[in-house]
Each structure stands twice: as structure tokens, then as C-alpha cells.
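Here the structure is a predicted model, which means the values were calculated and not measured.
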Amino acid sequence: MNGVNMQQPKVVVIGAGSLFFGRQSIWQMVHSPYLNQGTLALVDTDEERLSKMVKLAEMVARENNVSLKVEGSTDRRQVLPGADFVVLSFAEQSVKYRGIDCQVSLKYGIRMCSGDTIGPGGIFRAMRELPVIMECARDVEELCPDAWVINYINPSTVNGIALHRYAPKLKSFALCDSHHMPHKKAYYAVRAGIIGDRSGFNEEIDRKFDFRVAGVNHFTWLLKAEFEGKDVMPMIAEAMRKAAGEENNGGDRGAKALHNDAITYELYDIFGYIPTCTAHTKEYVRYWQGHGKTPDAIPPLSIWETEDRYQRHDEMWRQVDDFLTGNVPIADYMSTFGPDHATDIIENMVGNLGKRFFINTLNRGAVTNMSDDSFLELLCDVSMDGAKPVHVGEMPRGIRGMQELVLDTHELTAEAVVEQSYEKLRRAMLTDPLVNSISDADQIIKELLTLEREMIPDAWY
């Protein structure tokens with residue numbers, strides 16, 4: 001398939017009511033000349049939310065004078081035929097069940113600030129979401145087998161591994177918005193003092209800044225940062241150290257945001273490299289689990305806040321309602337939102353624009369001392385032919401060992417869920433870096449299977 005000749009691409013978003021992606025997908029599909037002559041098909045099982053998103057997309061397209069066709073259905077099979085891209089972005093009652101995961105884990109001494117990729121929370125989110133992902137994969141295989149399937153659901157690595165291994169005929173990769181390019185590179189250029197703010201980032205700076213990031217999703221590290229041949233990693237780390245004393249003054253007080261600069265610098269001080277997704281990475285290591293016998297300067301992780309998240313989601317839906325009712329002019333939509341990682345990549349593939357993006361995919365030699373089939377987040381050349389990782393080099397010792405443990409946990413989780421194997425589920429839980437006790441692991445599994453029964457396939461009972 002040649003992206004240059006694709007004049008009217010069809011993008012299907014399964015989980016359009018997901019406020020994480022649905023609103024941004026509308027922005028990009030309207031904004032991009034490569035996409036706005038095509039079709040945006042929105043799918044959601046909640047009819048009320050679906051109708052709101054369809055209406056919103058139609059209003060935005062009409063306001064901006066583009067011929068984007070908007071479709072909506074509660075049945076994905078109705079809109080999948082003819083799809084060029086299928087974005088998976090659903091999470092049914094995610095706030096409720098992540099809250100349950102985090103509270104049950106806390107009962108057994110496991111602290112999760114996010115609870116959706118590692119620890120019992122990551123394993124049980126896969127238990128809930130991955131069976132539906134694989135059902136979607138079967139429908140794509142039948143109805144639009146040439147479409148690219150883009151997984152945008154956590155745990156991204158688990159789901160990406162499962163699609164690659166158990167639906168090998170599909171063209172698929174997985175994404176996480178934490179390394180949206182070129183914004184991520186601009187962020188580190190500012191921290192290194194190369195530019196004063198992100199508006200100063202341009203193609204010349206991009207070319208001169210040798211920036212290499214790799215690792216398992218949410219556990220990625222800045223392994224090289226050179227500007228015009230000079231190592232600027234220490235400057236970035238120093239900026240983080242200085243920011244640590246000033247962070248969260250009036251900013252986000254949520255569990256994922258707390259102490260991130262201080263933790264970033266602490267991990268740099270230990271390993272010599274900078275974690276690039278600290279809001280999640282701090283949950284992958286055991287240092288802030290609160291099990292130490294001596295006090296640490298950085299307190300144990302705060303727990304993911306369920307009620308606050310409900311409030312945030314309610315505020316997002318009120319914003320949608322304001323556009324729909326005219327309380328906020330629909331003309332303001334395009335200045336309210338902006339590009340999204342997934343739709344940026346789709347635009348790049350359709351337009352054959354030659355940009356590089358971070359993709360979760362097979363290593364294929366990019367990280368030279370990890371296996372070719374390691375499922376890593378890597379900078380890739382992306383086209384309609386797929387994602388081709390750019391050379392990184394070696395993963396440093398210490399960090400590599402932790403990467404392998406996380407990968408083993410994720411691979412065992414994928415196998416357990418798809419094969420419906422209790423033995424592998426237990427093994428995944430006991431491989432996980434946050435689990436401390438065999439008995440606790442068994443109790444966590446037992447309690448979560450009981451509390452989440454309505455979301456987990458009957459075969460587990």
C-alpha cells in the first residue's frame with residue numbers, strides 16, 4: 001500500500017468515548033490535509049457518549065469546511081470494512097477498576113500511583129482489556145485484513161506482544177503518548193539549555209541533537225544526549241535536580257505527578273542515565289514502595305486517586321457538552337486541542353512524510369545487547385510498510401536487568417490472558433518486580449478475580 005496515493009483514508013477509533021484520545025483524534029482528522037478528505041468512524045458501546053462524539057466531530061468538520069465523513073456505531077463490525085487504520089483506545093470503567101486494583105494491592109503492601117501497566121494493576125488491566133483487544137483483532141482479520149492496527153491501550157507492551165504473537169497476520173504496533181515527537185526531544189533540549197523554550201526547537205536543533213531513548217514502555221531511559229558532539233546529559237540532570245525543590249508548587253498534585261523531578265535525579269545519580277517517563281517508572285522500581293528500614297528523602301508513592309479521576313472525567317465531558325450546546329463556540333475547538341501521537345503517526349504514514357516517532361515494537365537489533373524480539377519503545381522510521389527501529393546501542397547494566405524482568409512479567413501476562421492459564425497468571429504475578437510474597441500474590445489474584453468478575457471472561461471461574 002502506498003501512502004502517497006491514499007486520498008481518502010478511513011480511520012476507525014474503537015473506544016471513541018475515551019476522552020484520552022477521542023477529542024484529539026477529531027482535531028487531527030479535521031486539521032490534516034492528508035486525512036480530512038477521508039472517513040473518521042467512531043465506535044463505542046455507550047450510545048449516549050458515542051452520539052455526542054459523532055455530533056462533535058460533524059460540527060468541527062462543518063465549522064472548518066472540510067469534507068471529512070463521520071460515521072458512528074456501537075457495533076465495530078459495521079464500520080470496519082474498508083478501514084485503513086484501526087485505533088484501539090477503549091477502557092471500560094477504567095477508573096473504577098484501577099481503583100480496585102490499587103486498593104487491593106495496597107492492602108498487601110504494594111503502592112501504585114497509576115496501576116495500569118506494572119504490578120497487580122497492570123496484570124489485571126490486561127485481564128480486563130486484552131480479551132476484547134483479541135476479539136477486535138479477529139474482526140479486523142476478517143473484515144479489513146490490510147488495515148494497520150494501532151494499540152493505544154495500557155498495558156501497551158502486554159497488548160502489543162499479544163497482537164504480534166497471537167494475531168501474526170495483522171499489521172500492528174503499540175503506542176504511548178509519553179514520547180510524542182518532536183515535543184519530547186524539544187523538552188530535553190530546553191532542560192539541556194540548548195533552547196530557552198520549546199518554541200525555539202527547529203529542524204537544525206533537531207539535527208544537531210543526538211538523542212537516544214529506549215526501554216520497555218513506561219520504563220524508558222535517555223541513553224545518549226549530545227548536542228554538536230557535547231554530552232548534555234549532566235545539564236539535563238542538573239535541571240531536574242534544581243526543579244526538584246520547586247516542583248508541584250501550584251501544579252498537578254496527583255499521585256503520578258508527585259516528586260517526579262527528585263526521583264528522576266535520584267535514578268540518574270544511581271544509574272548514570274535519565275528515566276524519561278518517571279510518572280510511571282517510579283512505580284516499576286521498588287525504592288519508593290515504603291519497605292525500607294531507614295527514612296528516605298523522597299516519601300513512598302502516593303496511591304492513584306479514584307475520586308479525583310472521576311471528577312477529571314466529568315470535567316472533560318462538561319467541556320464536550322459546552323461545545324455541543326454552544327456555551328463554547330465550536331470555532332474555538334481547533335485552538336483548544338492539538339495534535340495527538342497516534343493521529344500524527346497516521347498522518348505521517350498516509351502522507352509519506354518521513355518523520356520519526358516512538359513506537360512500541362520488536363527490537364530487531366536496535367538495542368544491541370537485548371534480543372531481537374524484545375518488545376521495546378524505540379524511535380522508528382514509520383511508513384505504510386511499518387515501523388523500522390533506529391539504532392540505539394547497548395542498554396546499560398543494571399537497567400538492562402530490570403528491563404528483562406519487566407519484559408518477562410509482560411510476556412507471561414500476555415500468555416496467561418490469551419491462553420487463560422492460571423499457572424502463567426500466578427507466574428506473572430510472582431515475576432512482577434513489586435510483588436514480595438507468594439501468599440500475598442495468591443491472595444491478590446483471588447480477591448481481584450472476585451471483585452472484577454463482571455469484567456473478566458467466565459473461563460477464569
Mind listing the closest non-hydrogen atom pair of Phe358 and Ile345 along with its distance? O-CD1, 4.5 Å
Yes or no on side chain to side chain donor-acceptor pair (under 3.5 Å) for Thr431 and Thr409, after CA distance, side-chain angles and deciding distance? CA-CA 6 Å; Thr431 303; Thr409 303; 5.2 Å; no
Taking Asn363 for the side chain and Ser371 for the main chain, is one N or O donor matched with an acceptor at less than 3.5 Å? yes
Are any of the side-chain nitrogens in Arg427 or Glu423 under 4.0 Å away from the carboxylate oxygens of its partner? yes
Consider only side-chain N and O atoms of His280 and Ser178, and report whether a donor and an acceptor are under 3.5 Å apart. no
Atom CG of Leu353 with >12 non-hydrogen neighbours under 6.0 angstrom: yes
Name of the residue among Thr361, Thr220, Asn217 meeting side-chain hydrogen bond (donor to acceptor under 3.5 Å, both in side chains) with Glu377: Asn217
Kindly say whether Leu301 contributes a backbone atom to a donor-acceptor pair with the side chain of Arg111 at under 3.5 angstrom? yes
Minimal heavy-atom distance between Arg312 and Gly254, with the atoms involved, is NH2-CA, 4.2 Å
Electrostatic pair Asp44-Arg49, nearest N-O below 4.0 angstrom: no
Heavy-atom side-chain contact between Gln319 and Thr336 under 4.5 Å: yes
Which heavy atom of Val87 sits nearest to which heavy atom of Val11, and what is that distance? CG2-CG1, 4.3 Å
Pairwise side-chain contact, Glu135 with Arg76, heavy-atom cut-off 4.5 Å (strictly under): yes
Within the distance-only criterion (no hydrogens, no angle test), does the side chain of Gln403 pair as donor or acceptor with the backbone N or O of Phe219 below 3.5 angstrom? yes
Does a side-chain heavy-atom distance below 4.5 Å link Thr74 with Thr45? no
If only atom types and distance count, is the side chain of Ser437 paired as donor or acceptor with the main-chain N or O of Ser439 below 3.5 Å? yes
Neighbour count above 12 (heavy atom, 6.0 Å) for Gln93 CD: yes
Report yes or no: does Ser335 contribute a side-chain atom to a donor-acceptor pair with the main-chain N or O of Asp332 at less than 3.5 Å? yes
Assess whether side chain to side chain donor-acceptor pair (under 3.5 Å) is satisfied between Glu92 and Tyr97, documenting all intermediate values. CA-CA 9 Å; Glu92 188 173 348; Tyr97 287 102; over 6 Å; no
Given side chains that start at C-beta, do those of Phe90 and Ile153 come closer than 4.5 Å, heavy atoms only? yes
Test item: Asn64 side-chain N/O and Val66 main-chain N/O as donor-acceptor pair under 3.5 Å: no
With heavy-atom distances below 4.5 Å as the criterion, would you say the side chains of Pro457 and Gln420 are in contact? yes
Heavy-atom pair of closest approach, residues Met316 and Arg23: SD-NH2, 3.8 Å
Lys282 side-chain N/O to Leu258 backbone N/O, donor-acceptor pair under 3.5 Å: yes
Separation between SG of Cys102 and CD of Glu305, rounded to the nearest 0.5 Å: 9.0 Å
For Lys256, does its backbone N or O pair with a side-chain atom of Asn260 as donor and acceptor, under 3.5 Å? yes
Please confirm whether the ring centroid of Tyr268 lies under 6.0 Å from the ring centroid of Tyr273. no
Relative to each other, are the rings of Tyr284 and His410 parallel, tilted or perpendicular (30° and 60° limits)? perpendicular
Backbone N/O of Ala91 and side chain of Ser94: donor-acceptor pair under 3.5 Å: no
Pairing of Asp101 and Arg125 as salt bridge, 4.0 angstrom limit: no
Shortest non-hydrogen separation from Leu42 to Ala16 and the atoms involved: CB-CB, 3.5 Å
Is it the case that over 12 heavy atoms from other parts of the model lie below 6.0 angstrom from the NE2 atom of His31? no
Could you give the distance from NZ (Lys355) to CG (Asp381), rounded to the nearest 0.5 Å? 13.5 Å
Any donor-acceptor pair under 3.5 Å from Thr281 side chain to His218 backbone: yes
Give a yes or no on whether a salt bridge exists between Asp116 and Arg98, defined as a side-chain N under 4.0 angstrom from a carboxylate O. yes
Determine, stepwise, if the pair Lys96 / Glu454 fulfils salt bridge (charged side-chain N to carboxylate O under 4.0 Å, His left out). CA-CA 12 Å; Lys96 173 184 174 179; Glu454 67 174 340; 3.4 Å; yes
Look at the rings of Trp221 and Phe271 and say which category their plane angle falls in: under 30° parallel, 30 to 60° tilted, over 60° perpendicular. perpendicular
Evaluation steps, side chain to side chain donor-acceptor pair (under 3.5 Å), between Ser114 and Glu283: CA-CA 8 Å; Ser114 179; Glu283 193 179 65; 4.7 Å; no
Does the pair Arg77/Asp139 count as a salt bridge with the N-to-O cut at 4.0 Å? yes
Is any NZ, NE, NH1 or NH2 atom of the basic residue among Lys10 and Glu71 found under 4.0 Å from an Asp or Glu carboxylate oxygen of the other? yes
Do Pro433 and Ile118 make a side-chain contact, defined as non-hydrogen atoms from C-beta onward lying under 4.5 Å apart? yes
Are any of the side-chain nitrogens in Arg138 or Glu141 under 4.0 Å away from the carboxylate oxygens of its partner? yes
Considering all heavy atoms, the nearest Cys136-Ile14 contact: SG-CD1, 4.1 Å
Answer yes or no: is there an ion pair linking Glu415 with Arg165, defined by an N-O contact shorter than 4.0 Å? yes
Considering the options Asn360, Asn151, Leu88, which one meets the side chain to side chain contact (heavy atoms under 4.5 Å, CB included) requirement together with Asn159? Asn151
Non-hydrogen side-chain atoms of Thr343 and Gln24 separated by less than 4.5 Å: no
Parallel, tilted or perpendicular: which one describes the rings of Phe337 and Tyr333, with boundaries at 30° and 60°? tilted
Nearest 0.5 Å, please: how far is CG in Asp440 from NZ in Lys107? 10.0 Å
Do the non-hydrogen side-chain atoms of Ile263 and Tyr265 ever get within less than 4.5 Å of each other? no
Side chains of Tyr287 and Glu266: is there a donor and an acceptor less than 3.5 Å apart? no
Crowded around Glu419 CD? As in, over 12 foreign heavy atoms under 6.0 Å? yes
To the closest 0.5 Å, what do you measure between NE2 (His291) and CG (Leu434)? 8.0 Å
